[in-house]
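Notes for the one structure printed next.
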Number of protein chains: 2
Amino acid sequence: MKDTRGRIVSAAAGLIAEKGFKRTSVDDVIERADLSGKSHFYHYFKSKEELGLEVLGRQFESFAERGLVILREPLIHPMERLHLFIDSLVALQTERGFRVGSPFGTLATEMADLHEGFRERLVQVFDRWAAQIEALLWEARPMLNPDADTRRLARFLIATLEGALMMSKVNRDAEMLRAIAADLKRFVSSHLREGVPA
Amino acid sequence: MKDTRGRIVSAAAGLIAEKGFKRTSVDDVIERADLSGKSHFYHYFKSKEELGLEVLGRQFESFAERGLVILREPLIHPMERLHLFIDSLVALQTERGFRVGSPFGTLATEMADLHEGFRERLVQVFDRWAAQIEALLWEARPMLNPDADTRRLARFLIATLEGALMMSKVNRDAEMLRAIAADLKRFVSSHLREGVPA
DNA sequence: GCGTTTTTGGACTGACTAGTCCTAATTAGG
DNA sequence: CCTAATTAGGACTAGTCAGTCCAAAAACGC
């Protein structure tokens, strides 16, 4: 159970989150993952690109497990779950000192036009994320206005969150991020049917 | 009026918008701007970094002139102006085939941790942008709910727009962008006082 | 023990990077 | 016409990068 491959992916994930894909060199990864040299790395990955795709995949898996899991928590009220999820993103970004933009935002902007494979993968990632939120909203459908478009709403939520995280990376301002998060919650609430407790 | 310096900035702006700052090499700029060589470039800029800052500044100036100018149009109703502004961003992104993320979003994510000077400049850029929107909202204040926080609202708008543009770059989906833009307008409208025409 | 997988270590290629230096031709402007 | 700004062209430094190749030690599985 040495899991060298996993160690490489973890090291790369950290570096990419900090510096971006392009600026993360294979040598950086080798150092961080404590490998003996280039050959050691290329024993596990045939290219840096392959590593990038793997990181992207793994990144989403862990996000799906640790982050999105809140969205599926069956015992908590759907809307409450959404609030918790938003809060967890804010907390994560605050913890990390606003150095990271979003789990995928950083990757998205630079990788999208770097390689078509990356872009397609990112589309999938955002789609799955949106699907999770949509499922939650669907669950809360009885409480929503009948004209509420859950698919649209889900994508709106993600866009705002991504934008807010990106801006907080530039501003390094916790207050702004919290304010946007709060407004976002209010926005979702505004789609609630009147008379139904949020 | 040869304005070589301006030609360099334009060339660099285009390249940076497409590929990002780091991946835009000085040689790329030299080729695009049709310069004779390195010395020609360094006759006008002492470093690539100086060029980056200039592009960032110029980028905002042109955005302020061509884009933000709608926000100040005195003859049009404030809310209508905001709608026109949002539409213009959507149109711009559609025109460009979703290759660019946002006027600053791309620059933001990669430049923010590249150099402290870049980050500070970006903070200014976003602040000025937010100030413009806030001024518009302030103008529309009599129509807004008394509890509406114009500053917060302005930053929320920008975050959502940035996020939407970023996602449209990944998705290359015009429909999604339009949907988010429409929802965003509705969001602003929800802050309007009842009984007052939007 | 034996074969396979993994690890180690380093040399090396070829391409690209920002930036410097030097010289000379060309083009304005006053 | 003369001077200064601009353009031209190229050589060069010193660094980074991804990726290849080779050979041998070490660890592991059976």
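Numbered from 1 within each chain, the chains take letters A, B, ... in sequence-line order.
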**Request:** Give the rounded distance in Å between these two atoms: CG of A:Asp3 and P of C:dT6.
**Result:** 11 Å
With a 3.5 Å cut-off and sequence neighbours excluded, list the donor-acceptor pairs that the side chains of residues 39-49 of chain A form with protein atoms.
{"residue": "A:His40", "atom": "ND1", "partner": "A:Ser36", "partner atom": "N", "Å": "3.3"}
{"residue": "A:His40", "atom": "ND1", "partner": "A:Ser36", "partner atom": "OG", "Å": "3.3"}
{"residue": "A:Ser47", "atom": "OG", "partner": "A:Glu49", "partner atom": "N", "Å": "3.4"}
{"residue": "A:Ser47", "atom": "OG", "partner": "A:Glu50", "partner atom": "N", "Å": "3.1"}
{"residue": "A:Lys48", "atom": "NZ", "partner": "A:Phe21", "partner atom": "O", "Å": "3.1"}
{"residue": "A:Lys48", "atom": "NZ", "partner": "A:Thr24", "partner atom": "O", "Å": "2.9"}
{"residue": "A:Glu49", "atom": "OE2", "partner": "A:His115", "partner atom": "NE2", "Å": "2.9"}

**Complete:** Rounded to whole Å, CZ of A:Arg7 lies from P of C:dT6 at a distance of 13 Å
**Asked** Contact class for B:Tyr44 vs. all strands (heavy atom < 4.0 Å): base, sugar-phosphate, or nothing?
**Response** sugar-phosphate
**Message:** Show every side chain to side chain donor-acceptor pair (under 3.5 Å) that has at least one partner inside residues 4-16 of chain B, sequence neighbours left out.
**Reply:** B:Arg5-B:Glu54
**Asked** What is the distance, rounded to the nearest whole Å, between atom CG of A:Leu35 and atom P of C:dT8?
**Response** 8 Å
**Request:** Mind calculating the distance between NE2 (A:His40) and P (D:dA26) to the nearest angstrom?
**Result:** 15 Å
**Request:** Grab the CD1-P distance between A:Ile8 and C:dT7 for me, whole Å please.
**Result:** 8 Å
**Request:** For atom CZ of A:Arg119, decide whether the heavy atoms of other residues, nucleotides or ligands shown that lie under 6.0 angstrom number more than 12.
**Result:** yes
**Message:** Need the bend value for the helix from C:dG1-D:dC30 to C:dA28-D:dT3: angle between end axes, 5 pairs each end, nearest 10°.
**Reply:** 30°
**Prompt:** Does any pair with a residue in residues 181-190 of chain A pass salt bridge (Lys or Arg N to Asp or Glu O under 4.0 Å), and if so which ones, sequence neighbours excluded?
**Reply:** A:Asp87-A:Lys185, A:Asp183-A:Arg186, A:Asp183-B:Arg152
**Asked** Taking only residues two or more places apart in sequence, or in another chain, which ones meet B:Lys22 in a side chain to side chain contact (heavy atoms under 4.5 Å, CB included)?
**Response** A:Arg23, B:Glu110
**Request:** Among residues two or more places apart or on two chains, list those pairs meeting salt bridge (Lys or Arg N to Asp or Glu O under 4.0 Å) that have a residue in residues 124-142 of chain A.
**Result:** A:Glu61-A:Arg128, A:Arg81-A:Glu139
**Asked** B:Phe41 has an atom CZ; how far is it from atom P of C:dG19, in whole Å?
**Response** 8 Å
**Asked** Under 4.0 Å between a side-chain N/O of B:Lys38 and OP1 or OP2 of C:dG19, yes or no?
**Response** no
**Asked** Within less than 4.0 Å of OP1 or OP2 of C:dT17, is there a side-chain N or O belonging to B:Ser25?
**Response** yes
**Parallel, tilted or perpendicular, as decided by the 30° and 60° cut-offs, for the rings of B:Phe85 and B:Phe63** = tilted
**Request:** Please state how far atom NE2 in A:His43 lies from atom C1' in D:dC22, giving the value in whole angstrom units.
**Result:** 16 Å
**Asked** Roughly how many Å is it from OH in A:Tyr42 to C1' in C:dT7, rounded to a whole number?
**Response** 17 Å
**Message:** Need one value for B:Ser39: base, sugar-phosphate or nothing, where a base atom within 4.0 Å counts as base even if backbone is also close, heavy atoms only.
**Reply:** base
**Message:** So, OP1 or OP2 of C:dA18: does either fall under 4.0 Å of a side-chain N or O from B:Ser47?
**Reply:** no
